[in-house]
Amino acid sequence: MPNAIVWLRNDLRLDDHPALRAALEGGYTPVPAYIHAPAEEGAWAPGAASDAWRARSLIALDADLRSRGSRLLVRHGPTADALARLIADSGAEAVFWNRKYEPTTQPRDTALKKQLRERGLRVKSFNGSLFFEPWQLATQQGGPYQVFTPFWRAAQAQWRVPELWDAPARLPAVPATLADESAASLPLSPRPDWDRSFWQHWQPGEAGAREALEVFADGALQGYHSERDRPDRIGTSRLSPHLHCGEIAPWRIVRMLEPLRNRDNGADIDAYVRQLGWREFAHHLLHHFPQTPDEDLNPRFRRFDWAEPDLTLLAAWQRGRTGVPIIDAGMRELWATGYMHNRVRMIAASYLSKHLRYHWSYGARWFWETLVDADLANNTLGWQWVAGTGADAAPYFRVFNPVTQAERFDLDGVYIARWLPELAALPLPLRFAPWRQPEALATAAPDYPRLPVIDLDAGRDAALAAYRKSGPR
Ligand code: FAD
């Protein structure tokens, strides 16, 4: 059988893998290859936590391939050269891949496709990660959506869930002449190994994704609709890093959840699929507004008086020492696990972009380095949404009060106590705002900041004043 390179990127799985399937159905021997070329991803090359995840995911993928008689070839970029060498060494007649949609990779991949075709290869790319191509849905005027509700209405009107495809139990062997380089040798793990504590919470790889889905379907799915905002509970699927790395196709999630639909959980399944819809919306926006990882979508904010970051305060936010417990708990969860609950992401992001009035990109960068699910589309949308600068954003003047948010969503202060054990001895409601009783705080947690790094009322007032000054759109 002729060989076909199956070029793997953010699609580190075997089931529901359109490129692998195309190679097999085309009568080729798939030669699965991963090319390490972070420099080509520009300013948004994967961050440290997501690299650490990818390292483990690649090892898991190689093991899965080997258990089926194949293996993963690992190469170093530049991508065009590495692919050319692989083609020459394997005599491959075709190259297949699943598309990536980041602004730097799209034009690079289009150029590669053209070059390879000119050299007589069969080249095909596929949608391996979304229900809709980012350019597929359009407003009646033919433009991009900037508001989620009509986007989602259009998506539902054209909703179609692809059939599942299980990779065969045996795959043809990769030619023995192709040299091995182990996935474990890639320089993806952080030094020093700050990620060590992550891995008790996660199992990167396709089997881990499947397991997370099963745990969710058996547990947090019931009540997802109402519990997803509670950081003190396991109320969500925690599938985001698996989805980001493509260890599971979103349509497999939907196909697995739909048969579980009953009288009680319809609203939960709908709410969950809607969140997957936000992921689609994020990719739609990133495609149409490729500048938004670095620039405000709303031009009004070009005149906005962002504060010059004080590096000490920025570090206090990054390391969970702002003196505002719900934010510090979130930032410490992030540091210890590579993940933060969505509600707390919103509160922490609001504090940075409104109370501190730092441009949201300072926060987006920190999340980019520290989140295992760091995803350019979702992170950009999340930050611009909270900061009020993006599409369908919460208006800038709606400033989250972190104390009332904590009282509402971490009702018993359990999340705060989990990540800030030094505050666990404080009674409620003091745990939400410990500066209100300085003596009690000093006794319980002598090392915890006495006051928030920025007074909540003063920060809010300054943010609103700056907003008013920036004028109407
Ligand atoms: P679930 O509630 O189980 O949701 C299921 C899936 O839907 C998620 O895995 C995710 O793929 C998708 N999803 C859920 N909420 C959103 C959303 N608001 N926007 C887009 N997709 C969503 N998500 C990332 O995957 N990567 C990021 O880098 C990222 N950065 C964020 C930054 C900020 C400031 C904010 C406010 C949100 C960010 N999110 C990001 C969105 C969201 O917080 C995470 O997707 C979610 O917390 C992941 O947990 P889960 O898988 O348990 O979510």
Side-chain angles (χ1 to χ4, degrees), residues 10 44 46-47 49-50 53 102 129-131 148 151-152 201-202 208-209 212-213 215-217 219-221 223-231 233-254 257 268-286 292-293 317 327 330-331 333-334 337-354 360-394 400 405:
N10 276 358
W44 291 98
S50 113
W53 182 287
E102 287 83 6
S129 55
L130 294 169
F131 287 97
F148 176 72
F151 171 85
W152 188 229
H201 305 279
W202 304 105
L213 176 56
V215 168
F216 175 62
L221 173 64
Y224 175 81
H225 181 54
S226 53
E227 301 287 279
R228 57 176 287 268
D229 266 325
R230 297 279 305 263
R233 310 247 167 103
I234 298 187
T236 65
S237 69
R238 297 173 66 90
L239 274 161
S240 50
H242 299 289
L243 277 164
H244 171 70
C245 262
E247 296 166 359
I248 191 161
W251 56 89
R252 183 167 285 263
I253 302 178
V254 171
L257 296 185
D268 298 323
I269 294 180
D270 291 345
Y272 189 81
V273 175
R274 190 179 159 88
Q275 286 316 113
L276 293 177
W278 275 96
R279 179 174 176 269
E280 300 282 319
F281 185 48
H283 283 81
H284 177 78
L285 288 171
L286 183 61
T292 51
W317 178 83
I327 294 165
M331 300 310 287
E333 178 186 24
L334 176 61
T337 69
Y339 177 89
M340 194 196 301
H341 187 277
N342 181 59
R343 171 60 48 180
V344 191
R345 290 185 203 203
M346 293 199 287
I347 304 169
S350 171
Y351 190 75
L352 180 101
S353 57
K354 296 185 179 171
W360 54 266
S361 57
Y362 291 97
R365 273 284 164 199
W366 183 251
F367 274 26
W368 187 251
E369 283 304 317
T370 52
L371 278 171
V372 285
D373 66 20
D375 179 281
L376 197 56
N378 290 355
N379 199 41
T380 303
L381 169 78
W383 276 96
Q384 293 236 25
W385 187 91
V386 174
T389 57
D392 199 6
F400 275 140
Q405 286 284 312

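Just so it is clear, the model here is predicted, and its values are computed rather than measured. Remember, it's 1-based here, ligands and their atoms both numbered in the order they're listed.
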Colleague: Any heavy atom of H244 sitting closer than 4.0 Å to ligand 1?
Modeller: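 The answer is no, since H244 has no heavy atom less than 4.0 Å from ligand 1.
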Colleague: Are the side chains of R365 and W44 in contact, using a 4.5 Å heavy-atom criterion?
Modeller: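 Yes, side chains in contact.
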Colleague: Would you say F216 touches ligand 1, if touching means a heavy atom closer than 4.0 Å?
Modeller: no
Colleague: Polar contacts were defined as any N/O atom of the residue lying under 3.5 Å from an N/O atom of the ligand; does this apply to Q275 and ligand 1?
Modeller: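 Checking ligand 1 against Q275, an N or O pair does fall under 3.5 Å apart.
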Colleague: With a cut-off of 4.0 Å, which atoms of ligand 1 are near a heavy atom of S240?
Modeller: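 So the answer, numbered in order with elements, is 9 (O), 25 (O), 48 (C), 49 (O), 51 (O).
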Colleague: Tell me, please, which residues at least two apart from S353 pass side chain to side chain donor-acceptor pair (under 3.5 Å).
Modeller: none
Colleague: To which of T236, N342, V386 does the heavy atom nearest atom 42 (C) of ligand 1 belong?
Modeller: N342
Colleague: Which of the numbered atoms in ligand 1 are below 4.0 angstrom from a heavy atom of M346?
Modeller: 36 (C)
Colleague: Within ligand 1, which atoms have a heavy atom of A374 less than 4.0 Å away?
Modeller: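 Answer, ordered by atom number: 28 (O).
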Colleague: Tell me, which protein residue and heavy-atom name are nearest atom 17 (C) of ligand 1, and how many Å apart are they?
Modeller: W278 CB, 4.0 Å
Colleague: Number the atoms of ligand 1 from 1 as they appear, then name those within less than 4.0 Å of a heavy atom of W383, with their elements.
Modeller: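 Checking each atom against W383, I get 32 (C), 34 (C).
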Colleague: Step by step, would you call F367 with W383 a ring pair (Phe, Tyr, Trp, His ring centres under 6.0 Å)?
Modeller: CA-CA 10 Å; F367 274 26; W383 276 96; 5.0 Å; yes
Colleague: Can you confirm, on distance only, whether ligand 1 has an N/O atom lying under 3.5 Å from any N/O atom belonging to Y224?
Modeller: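 Looking only at distances, the answer is yes, because the N/O contact criterion of under 3.5 Å is met.
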Colleague: Identify, by atom number and element, the atoms of ligand 1 in contact range of R279, meaning under 4.0 Å from any of its heavy atoms.
Modeller: 11 (O), 20 (C), 21 (N)
Colleague: Checking side-chain contact (heavy atoms from CB on, under 4.5 Å) for the pair W385/W278: CA distance, chi angles, key distance, verdict?
Modeller: CA-CA 12 Å; W385 187 91; W278 275 96; 4.2 Å; yes
Colleague: Does any N or O in the side chain of N10 come within less than 3.5 Å of the main-chain N or O of G246, such that one atom is a donor and the other an acceptor?
Modeller: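 Judged by distance alone, no pair lies under 3.5 Å.
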Colleague: Of the side chain and backbone of F367, name the one, both, or neither that has a heavy atom under 4.0 Å from an atom of ligand 1.
Modeller: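 Within the 4.0 Å criterion, F367 contacts ligand 1 through side-chain atoms alone.
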Colleague: What are the atoms of ligand 1, with element, lying closer than 4.0 Å to any heavy atom of L239?
Modeller: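 Answer for ligand 1: 9 (O), 51 (O).
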Colleague: Give me the residue, atom name and distance of the protein heavy atom closest to atom 6 (C) of ligand 1.
Modeller: L276 CD2, 3.9 Å
Colleague: Quick one: nearest non-hydrogen protein atom to atom 26 (N) of ligand 1, plus distance?
Modeller: D373 O, 2.8 Å
Colleague: Quick one: pull up CD in Q405 and CD1 in I347 and give me the separation to the nearest 0.5 Å.
Modeller: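 Q405 CD to I347 CD1: 4.5 Å, rounded to 0.5 Å.
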Colleague: Please report the closest heavy-atom contact between C245 and W53, naming both atoms and the distance.
Modeller: SG-CD1, 3.6 Å
Colleague: Give the residue and atom name of whichever protein heavy atom lies nearest to atom 23 (N) of ligand 1, and the separation in Å to one decimal.
Modeller: N378 CB, 3.5 Å
Colleague: Starting at OG1 of T236, measure out to CG of L221 and round the result to the nearest 0.5 Å.
Modeller: 11.5 Å
Colleague: Which atoms from ligand 1 have a heavy atom of Y339 less than 4.0 Å away?
Modeller: 47 (O), 48 (C), 49 (O), 50 (P), 52 (O)
Colleague: What is the nearest protein non-hydrogen atom to atom 39 (N) of ligand 1, stated with its residue, atom name and distance?
Modeller: R345 NH1, 3.5 Å
Colleague: Which atoms of ligand 1 sit under 4.0 Å from any heavy atom of G382?
Modeller: 33 (C), 34 (C), 35 (C)
Colleague: Which heavy atom in Q384 sits nearest to a heavy atom in T389, and how many Å separate them?
Modeller: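 So the minimum-distance heavy-atom pair works out to OE1-OG1, 2.8 Å.
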Colleague: If you look at every heavy atom in L257 and Y272, which pair is closest and at what distance?
Modeller: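 Smallest heavy-atom distance, with atoms named: CD1-CD2, 3.7 Å.
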Colleague: Can you pull out the closest protein heavy atom to atom 28 (O) of ligand 1? Residue, atom name and distance to 0.1 Å, please.
Modeller: D375 N, 3.1 Å
Colleague: How close do Y339 and S240 get, heavy atom to heavy atom, and via which atoms?
Modeller: CE1-OG, 3.9 Å
Colleague: Do any nitrogen or oxygen atoms of H341 come within less than 3.5 Å of a nitrogen or oxygen of ligand 1?
Modeller: no
Colleague: Does any N or O of ligand 1 fall below 3.5 Å from an N or O anywhere on L243, backbone included?
Modeller: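 So ligand 1 has no N or O lying under 3.5 Å from an N or O of L243.
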Colleague: Which residue pairs pass the salt bridge (charged side-chain N to carboxylate O under 4.0 Å, His left out) test when at least one of the two sits in residues 367-379, sequence neighbours left out?
Modeller: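 Qualifying pairs: R345-D373.
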Colleague: Ignoring angles and geometry beyond distance, decide whether S237 reaches within less than 3.5 Å of ligand 1 through its nitrogen or oxygen atoms.
Modeller: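 Yes; the residue has a nitrogen or oxygen that sits under 3.5 Å from a nitrogen or oxygen of the ligand.
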Colleague: Heavy-atom contacts under 4.0 Å between W368 and ligand 1: side chain, backbone, both, or neither?
Modeller: neither
Colleague: How about F281 and W152: are their ring centroids closer than 6.0 Å?
Modeller: no
Colleague: Please find the pair of heavy atoms, one from V254 and one from F131, that lie closest to each other, and give the distance.
Modeller: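 Heavy atoms only, the tightest pair is CG2-CZ, 3.6 Å.
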Colleague: Might you point out which heavy atoms bring R279 and S129 nearest each other, and give the distance in Å?
Modeller: NH1-O, 2.9 Å
Colleague: Among all protein heavy atoms, pick out the one at the shortest distance from atom 32 (C) of ligand 1; state its residue, atom name and that distance to 0.1 Å.
Modeller: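 Of every protein heavy atom, N379 OD1, 3.4 Å lies nearest to atom 32 (C) of ligand 1.
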